[in-house]
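Some notes on the structure that comes next.
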Amino acid sequence: MSQIHAKSPQHCAKKKLINITNFHKKLFYTFTTFFSSILLIIFIFWFILHPNKPQFALKQADIYQLSVSQTHLLNSTIQLTLASTNPNQRVGIYYDEIQVYASYKSQQITLHSSLPSFYQDCKDSNLLSAVLVANALPVAPSFNYELGIDQMVGRLVLNLKANGLLRWKVGTWVSGKYRFSVGCVVVLVFGPYAPAGPLMSKQGTQCSTTI
């Protein structure tokens, strides 16, 4: 006599549930492996290229006006020229935003001046010029006193700073935006030994760059 084996609906439903669960696990592992591989490739690619931060140098700084009223309001006009260099051999740089200003004794003495955005190719250099001004800018009451001391010493030390956003470019791939800061120190002859006309510094100064 032949035996009849019949599977109950509950048994079939349980088997179907196991199959669906296994499918979801395989799908999850597939996507996890895929994304992990992509991230690993990007990391290796980035590690091999290892982009170096851009280099900046102050080529010239001229002070045409720097005067303070009795009510501690500053008027200033400063013209500067920066040299920007991309030291990378395979990585280009998009400069999306650059804001430049000057400070003296930790006090900002000009308003921010915006430079136009630009792209810098590998091993390329660009000259950036800006005119920094301030009209009736409030400063500390000690500003005139400190300026007088520097005039007696015969030298004036200014800090020229730039802040901005950049992106790295490798082939067709472009990174997200990174914030960078540039700091330059310039020393000018000041006081009785300074020549007539604007205070000028034509000695190149290497600047520090942080990202």
Task: T110 side-chain N/O to A102 backbone N/O, donor-acceptor pair under 3.5 Å - done: yes
Task: Value rounded to 0.5 Å, distance of CG in L147 from CE in M152 - done: 12.5 Å
Open item on the list: When you compare the side chain of S67 with that of N75, does any pair of heavy atoms fall below 4.5 Å?
Closed with: yes
- [ ] To the nearest 0.5 Å, tell me how far K53 NZ sits from N86 CG.
- [x] 14.0 Å
Task: Close side-chain approach of F190 to L188, heavy-atom, < 4.5 Å - done: no
Task: side-chain hydrogen bond (donor to acceptor under 3.5 Å, both in side chains) between S103 and Q108, worked out - done: CA-CA 4 Å; S103 67; Q108 187 169 334; over 6 Å; no
Open item on the list: Using 0.5 Å steps for rounding, measure from the NE2 atom of H112 to the CD1 atom of I98.
Closed with: 13.0 Å
- [ ] Answer yes if Y101 and F143 sit in the same cluster of Ile, Leu, Val, Met, Phe, Trp and Tyr residues linked by side chain heavy atoms under 4.5 Å apart, and no otherwise.
- [x] no
Open item on the list: Could you check whether any side-chain heavy atom of N159 comes within less than 4.5 Å of a side-chain heavy atom of V186, counting everything from C-beta outward?
Closed with: no
TODO: Look only at the side chain of N88 and the backbone of R90, and say whether a donor-acceptor pair between them is shorter than 3.5 Å.
DONE: no
Task: From OG (S201) to CG (L160), nearest 0.5 Å - done: 9.0 Å
- [ ] Return each pair, listed once, that meets salt bridge (charged side-chain N to carboxylate O under 4.0 Å, His left out) where at least one residue sits in residues 106-124; pairs must be two or more places apart or across chains.
- [x] none
- [ ] Could you go through the side-chain hydrogen bond (donor to acceptor under 3.5 Å, both in side chains) check for S117 and E97 one step at a time?
- [x] CA-CA 6 Å; S117 58; E97 177 185 322; over 6 Å; no
Task: Nearest non-hydrogen partners of P87 and P54, listed with the distance - done: CD-CA, 4.0 Å
Open item on the list: Run the ring-ring contact (aromatic ring centres under 6.0 Å, His included) test against H72 and tell me which residues pass, sequence neighbours left out.
Closed with: none
- [ ] Please answer: with hydrophobic residues joined when any side-chain heavy atoms are less than 4.5 Å apart, are V100 and Y94 in the same cluster?
- [x] no
Task: Donor-acceptor pair, side chain of K169 and main chain of G171, under 3.5 angstrom - done: yes
Open item on the list: Under 3.5 Å, is there a donor on one side chain and an acceptor on the other for S181 and N163?
Closed with: yes
Task: Partner of Y95 by ring pair (Phe, Tyr, Trp, His ring centres under 6.0 Å), out of Y119, F118, W168 - done: F118
Open item on the list: Hydrophobic clustering (ILVMFWY, side-chain heavy atoms < 4.5 Å, transitive) - are V170 and L166 grouped together?
Closed with: yes
Open item on the list: Any non-hydrogen side-chain atom of I78 less than 4.5 Å from a side-chain atom of L66?
Closed with: no
Task: Main-chain N/O of A140 paired with Q107 side-chain donor or acceptor, under 3.5 Å - done: yes
Task: SG-NZ distance between C184 and K59, expressed to the nearest 0.5 angstrom - done: 11.5 Å
- [ ] With the side chain counted from C-beta on, respond yes when L128 and T81 share a heavy-atom pair under 4.5 Å apart, and no when they do not.
- [x] no
TODO: Any chance you could measure D150, atom CG, to K105, atom NZ, to the nearest 0.5 Å?
DONE: 4.5 Å
Task: Under 3.5 Å donor-acceptor, S76 side chain and I109 backbone - done: yes
Task: Distance-minimising heavy-atom pair for S113 and A130 - done: OG-CB, 4.2 Å
TODO: Please list, chain by chain and in numerical order, all residues satisfying salt bridge (charged side-chain N to carboxylate O under 4.0 Å, His left out) with R155, sequence neighbours excluded.
DONE: none
Open item on the list: D96 vs K177, test: side-chain contact (heavy atoms from CB on, under 4.5 Å). Steps then yes/no.
Closed with: CA-CA 8 Å; D96 295 325; K177 294 184 178 181; 3.5 Å; yes
Task: For the student: nearest non-hydrogen atoms of C122 and G92, plus distance - done: SG-N, 4.1 Å
Task: Side chain proximity check, L82 to L58, heavy atoms < 4.5 angstrom - done: yes
- [ ] Please work out which of the three classes, parallel, tilted or perpendicular, describes the rings of F180 and F56, given edges at 30° and 60°.
- [x] parallel
Task: I63-V133 co-clustered via ILVMFWY side chain contacts under 4.5 Å - done: no
Task: Heavy-atom check, side chain of R179 versus side chain of I211, under 4.5 Å - done: no
Task: Short side-chain to backbone donor-acceptor contact, D62 and Q79, under 3.5 Å - done: no
Task: Side-chain donor/acceptor of Q120 to backbone N/O of S84, under 3.5 Å - done: yes
Open item on the list: I'd like to check L73 versus V139 (side-chain heavy atoms, cut-off strictly below 4.5 Å). Are they in contact?
Closed with: no
Task: Audit row: L199, L156, side-chain contact (heavy atoms from CB on, under 4.5 Å) steps and yes/no - done: CA-CA 9 Å; L199 301 179; L156 181 68; 4.1 Å; yes
